[in-house]
Amino acid sequence: MEYQPRLIEKKWSEWWKKHQVYRVSERPDKPKFYILNMFPYPSGAGLHVGHPLGYIASDIIARYKRLRGFNVLNPMGFDAFGLPAEQYAIEMGIHPAVSTEENIRRYRQQLENIGLSFDWSREVRTCDPKYYKWTQWIFSLLFRHYYDYDADKALPIEDLVKRLEKEGNANIRAACDDDTPTITAQQWNDFSEKEKQLFLLKYRLTFPEESFVNWCPALGTVLSNDEVKDGVSERGGYPVERKRMKQWSMRITAYAERLLRGLDEIQWPEAIKDQQRNWIGRSEGAIVRFPVQGHDGLFIEIFTTRVDTIYGATFMVLAPEHELVSIITTPAQRPEVQLYLKWVASRSERERMAEVKRVTGVNTGAFAIHPITGQTIPIYVADYVLVGYGTGAIMAVPSGDQRDWNFAKAFQLPIIPILDSQKNLDQAADPTKEGRYINSGIINNLTFEEAVPVLLQWLEQRGLGRARIQYKLRNAIFSRQRYWGEPIPIYWKDGVPYLLPENELPLVLPEIDKYLPTETGEPPLARAQHWRYRPTPEETYEYEYSTMPGWAGSSWYWYRYMDPHNDEAFCSQEALAYWRCVDWYIGGAEHAVGHLLYSRFWNHFLYDLGLVPEREFAKKLINQGMIQGRSSIIFRAKESFYEEYLWIKVLKPYLDSFGPMRIPQTLAEESFMYDFAFATNDLVIEVVSWKKAEKIEIVRQRAEADGKRLLVLFTEELAADINAHEKTANRIRQALHSREPFFMSEHVPEIEQLFVSYELTAKYSPECFSRLHVDISLVSEDVLNIEEARKRPMFQKANFKVGPEGRFLCTYEIEKMSKSKYNVVNPDDVIEQYGADCFRMYEMFLGPVETSKPWDTKGITGVQSFLKRLWSLYVGADNTWLVQETEPTRQELRALHLTIKKITDDIERFSLNTCISHLMILVNELRDLKCHKRAILEPLVVLIAPFAPHLAEELWHRFGHSTTVCDAQWPAYNEHYLETDRIVYPVQVNGKLRGNIEVDAHATIQEIEQLALRQDFVLRYARANGVKKVIVVPGRIINIVV
RNA sequence: GCCCAGGUGGUGGAAUGGUAGACACGCAGGACUUAAAAUCCUGUGGCCGUUGAGGCCGUACGGGUUCGAGUCCCGUCCCGGGCACCA
C-alpha cells in the first residue's frame, strides 16, 4: 500500500486527542524539561508558513526529550490583548473579545493541523480575567515595593516608611526620581497624608510621572519607542508626536546593573545579549561641575566618559531644553537664543535625525569657568546635545570628539591637542586614548590609566566632581490610552493614586459604547458608565483610565503555564519548585530588547520577593529566523510610459526611414511644447487620456495658433494596441502625408490600465511604471496567468503587454509575508497536498532554524519521496508487512548506529536540518541493502518520531505496540558497531590530496607512515626533493611534506 | 557612523583546523510504460586532457599564521539585522 499521509495523520491526531497523549503533570520521579515558544499574538490573518518554523523545531526537541525520559512541558497560549483587535473594533464595531476569540480558534486549528505536541489543557490567554487578575496582582506588588541599593533588591515600601520616620532619607540609597529632595525625619513626620503618598511615589517601582511620550493622535494613544518606526506608529502607520503627559512608569532603571550582570549567567545568543547591553548602555565616567561666571553658586553639571580630556574642553554646550539656558543667557544674546530655541522646537524628531551632518547652535554670551585651569570658556546652546541623556550638558572637547570638532570648526573655537599621539587634528577629531597627555597641567606625561584617578581625586577633594556610572536605559512607560488591555488596579483620591485591595482583583475591563477616546481626550475607559470604585456607600472614586501595555501580560506568562487554573495564586509553590524556569526558549530576535528585557526585569523583581526560584527565567534562548515571502511584482504603465513607448517602439524604428521627415533625436529636444514635433513637417503629436478633455482643447488651440497640425493619441488606444506597434505607426504616417489639420479617434476603448511584462521594462525609464504586488496564486515560475488574473477586480479593465514569447513575466521580491503583499502561503494548503509530516520535515530541511530564508516549495518533493521510501521499507504492495525477524548484518547495524550517533549529537546542538539528511542517508542505504529487519527498522521508527510523529505512530502500532511512540525509548548508541578492522586514510602531499590508502585499524603510526611513503602517487612527488616530514593524524589523515 | 551576524555549485544548504560541495532540488541521459504520472538507474563546481590518466583552478577579494585554512589572524569590498547626534 502506498504511503497515505492524510489518512494516517487524521487517524493519529484523533487518537492522540482521545488518549490525551500530550497532557503533562508534575512527575517528581522524572527530570523536567520546560520548552517554550514565544507567546504569539493571534492576528486576524491567521498562521502562515513562517510562523510554525519555531513551533516545529521546539516540538522536535520536546518529543526528543520525552523519548530520552524527560517530563516535558511544552505549552502554548495567546498574547491576546493588543492594538489590531482594537483597531478592528473601532472600524467594525465588533467587540475585541469576539474577534480575538475567533482568531484564537483559527490559530489553534491551524496549529493542531501540524501535529504539535502542545498540552492544550494548559492554554492561557492574557485577556482572560482569570489570567490578568495575576498581571494586576504583580502590578500591585511593584507599587508596594521600592529598590534598595544597599540590600540590592526590592523591599516593601513599609520598610522605607519606617526609615523615613526614624532618620529621613539622607542615608537611604534607593532607586528614586532625580528630583527627590533630601528630607529629615521631622519633615517626613510633618507631612500630610497626601504629601507622604506623593513623596513615596518617587520611590515606588511603578508610579505616575509627567514624561515626554510618543503621542499618536490618530490612535488616541501613546506608543512605546519600539512601537514607533520612522516617526509613525508601527501598527497602522499613523503620525506620532512628542507630547508631555502623565503616564504610569516602571522603574526598570533600578535593575539596570542586575539586568546587565544577569546576562553572564544565561545561554542566549551573543547578538541578543549585545543588544541588551547596548540598550542598558552602562558607561563609566564622571560628573564635573563648571561654575558659571557672574552667577554665584550656579554650576553647569556635565557627565563625561572622558574626564581625562578635560584640559581640551574649550567650550560648553547645553541642550536647547536645558533649564539653565534662560538663566545664563546675556541680554545681548537673548533675541538670538530665543529665535534658535523656537526653531529647534519647530523641528520634528525626524528632521533632526535626517540632518545629522548639519551643525547648528547659538552662543549664550555667558562663560563657564574651567574647574581646573580657571580659564573662562564660552557656553553655547546646540541641538546635538540631548536633554534626555546624561545631564543635558557637555564639556566640548573638539580635539577628541568629532561632533565637538565639527561645532568648533563652524564657530571658530580653539581645538587643543591633549595627547601626544593625536594626529591630523586639522582634518578631524582623534578620540585615541593612546600616548601621554600634553597641555594638560596636572596630568601631563601620564597615560590614560594613570590620569583618570588623579583627576577624579583632584575634583572630588574640591567638590567639583565625582566618578559616576551612567545608564542609557530609561524607565519604561507603562500606560496606554486604549481599551483592549489590562485595567490598572488603581483608583484616584484627592489627586493621589491608591492601590485597589487584593480582594477586589481582578478589576474587570468594563463595557463601553465605542472604542475611542472621549471627546475631552480621556482614554476609552472613561466612557464606561457607572464604572467607579465604591469602597463604602459614601465614597466614590474614579479608576485609573489607562490600561497596561502589550508587554504586561507577556512578562510573566511562563509561570502561569506551570499551574494555569490556580485561583489562589499566580502559580503554586509546588509547581514552581518542580518546573523552576524555562529550559529552552524559542522565538524571534525582534523581541531582543522589548519583551526579553522587560520579562527579565519582572522576573528579577519576583525573585527578590522570594516568589520564584530562579533569577533568570530562560536559561537558553534560541532565535528562529523568519521565513520570508516571495512576492510577485508586476509593472503598471504610468502616463509617461506612453510617450517613451511611442518614441522607442513606434517613431524611431518605424519612421526612421521615412523620407525628408526628421523626428527629434531625444525626447527632451522638442517635448516642452508638444510631446512630439517633426522638424520638417508641421505635424505635432500629443499623448493624453481621453478623460482629460479640457487638456485636449487647450493643446488644440495652441496648435492652431502655432500653425501646426495636431494628432491626438489617447493613452487608452495605445494601451489597447500595445502589442501591434505598426498600427500606430500607420496612423502617424497617414497624418504626416495628409493636409488635415486635426486628427483624433472618435471611438476610444475603455481600457483603464496597461501592464507590461517584466523583460520589456528595461527599455523604459523606471519612472514610467508603478510596481504592484500581485497575488502569488496567479503566478507560476514568475509567469502570470492572464486568464485567471482577469477574473480579479483589479485586472478587469487591464491590457497586458506580453513579451516576445507571448508570456507575461513578473519580477519578485523577498520580503516579510503579509496579506497586503499577496505573498502569504497558508500551511493548511501545503499540508493538504503533502501531509503534515512532510511539511514539518521540509521546514526543518530548508536550513538552520536560526537563519531567515524565503519560502519556496521547490525542494519539498525530495522530502516527500524520502517519506515514501521509508514507508516502503516497512509496507509493501497490498499493505503487506515486510518486517522480518532476521539477524541484522554488521553493515546494517553500523549504518543504524552511525545515524543514532549523528542525530543525537545534532539534535542536542539544535542542528535539525542535518538530522534529516542523516535519516535520508540511512533510508537510502537500507533500501540499497534491501533491509527489512526488525532490529534495524524498529529503532528507526523512534529516530524519526520527533520529526514525523504521525508516520512513526502508525508504524509503531503496526509493530504491535499499543501505547504511543512518544513514550518509546530513544535508541542507545553502541560504539562497538562503528569499530572497523580497516581504515581508509586520505594521503596529502604538501596539503593537497593525492590518494587514499587502506590500513589495518591497529597499525602503528610508523607502519602507516611507511605504507604511505611506498605509494606511487607519493613517490612521484617525493623523488624530486625527498621527504621532509610526515604527519599522521590517527584515524583522520596523512600529510607528507616534500 | 557604531555594534552584531553573514558571503561556499544553477538553487536550498553540509563540513570539532584534517578528503570542500554531504543531503536535497534542478538539469542531462537512460530504464519501465501505448502514453503520462509515479518509480528506479547514471552523471552533474569550472577549465584542460583522457575515454579506468590525470592535472590545474576553486569557499567575496588581498595578505598572514599552519604540515594542512571555508574554518584562526589582519586589511578591503558586498549583503542582512540592530542602534543611531549616547557626551
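The sequence lines fix the lettering, A, B, ..., with proteins before strands; numbering per chain opens at 1.
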Nucleotide N/O of nucleotides 11-14 of chain B paired with protein N/O under 3.5 Å:
unit_1: B:rU11; atom_1: O2'; unit_2: A:Lys858; atom_2: NZ; d: 3.0
unit_1: B:rG12; atom_1: O2'; unit_2: A:Leu846; atom_2: O; d: 2.7
unit_1: B:rG13; atom_1: O3'; unit_2: A:Asn913; atom_2: ND2; d: 3.4
unit_1: B:rA14; atom_1: OP1; unit_2: A:Asn913; atom_2: ND2; d: 3.0

Closest nucleotide among [options] to the [X] side chain:
{"X": "A:Arg1036", "options": "B:rC67, B:rG18, B:rC85", "answer": "B:rG18"}
{"X": "A:Lys1029", "options": "B:rC67, B:rA24, B:rC83", "answer": "B:rC67"}
{"X": "A:Asn1039", "options": "B:rG18, B:rC83, B:rC4", "answer": "B:rG18"}
{"X": "A:Asn996", "options": "B:rC23, B:rC4, B:rU19", "answer": "B:rU19"}

Please enumerate all protein N or O atoms sitting under 3.5 Å from an N or O of nucleotides 53-55 of chain B, with distances to 0.1 Å.
unit_1: B:rG55; atom_1: OP1; unit_2: A:Tyr1021; atom_2: OH; d: 3.1

Roughly, in whole Å, what's the span from [atom1] in [X] to [atom2] in [N]?
{"X": "A:Phe866", "N": "B:rC25", "atom1": "CZ", "atom2": "P", "result": "12 Å"}
{"X": "A:Lys273", "N": "B:rC3", "atom1": "NZ", "atom2": "C1'", "result": "16 Å"}
{"X": "A:Ile310", "N": "B:rA87", "atom1": "CD1", "atom2": "C1'", "result": "13 Å"}
{"X": "A:Met841", "N": "B:rA24", "atom1": "CE", "atom2": "P", "result": "12 Å"}
{"X": "A:Ile302", "N": "B:rA87", "atom1": "CD1", "atom2": "P", "result": "12 Å"}
{"X": "A:Phe947", "N": "B:rC23", "atom1": "CZ", "atom2": "P", "result": "18 Å"}

Residues which pass side-chain hydrogen bond (donor to acceptor under 3.5 Å, both in side chains) with [X], listed by chain and number, not counting sequence neighbours:
{"X": "A:Ser872", "result": "none"}
{"X": "A:Ser852", "result": "none"}
{"X": "A:Arg282", "result": "A:Glu257, A:Glu284"}
{"X": "A:Arg994", "result": "A:Tyr1021"}

#### Entry: Intra- and inter-strand pairs of RNA chain B in dot-bracket (Watson-Crick or G-U wobble, both distances under 3.5 Å; | for another strand)
((((.((..(((.....[....)))((((((.......))))))((((.....))))..(((((..]....))))))).))))....

Only pairs under 3.5 Å count here: list side-chain donor-acceptor contacts from residues 854-866 of chain A, not counting sequence neighbours, and write none if there are none.
unit_1: A:Asp856; atom_1: OD1; unit_2: A:Lys858; atom_2: N; d: 3.2
unit_1: A:Ser865; atom_1: OG; unit_2: A:Thr861; atom_2: O; d: 3.0
unit_1: A:Ser865; atom_1: OG; unit_2: A:Gly862; atom_2: O; d: 3.2

### Query
Would a 4.5 Å heavy-atom cut-off, applied to side chains only, mark A:Leu413 and A:Pro398 as touching?
no

Between the protein and nucleotides 6-9 of chain B, which nitrogen or oxygen pairs come in under 3.5 angstrom?
none

I'd like a list of close polar pairs between nucleotides 35-40 of chain B and the protein, N/O only, cut-off under 3.5 Å.
unit_1: B:rC40; atom_1: OP1; unit_2: A:Arg869; atom_2: NE; d: 3.1
unit_1: B:rC40; atom_1: OP1; unit_2: A:Arg927; atom_2: NH1; d: 3.0

### Task
Between A:Gly859 and A:Lys992, just flag the one whose closest nucleotide in RNA chain B comes earlier from the 5' side.
A:Gly859

### Query
Can you name the residues that form a ring pair (Phe, Tyr, Trp, His ring centres under 6.0 Å) with A:Phe290, not counting sequence neighbours?
A:His370

### Query
Is the shortest side-chain N to carboxylate O distance from A:Arg277 to A:Glu270 below 4.0 Å?
yes

Just the table, please: protein N/O against nucleotides 46-48 of chain B N/O, every pair under 3.5 Å.
none

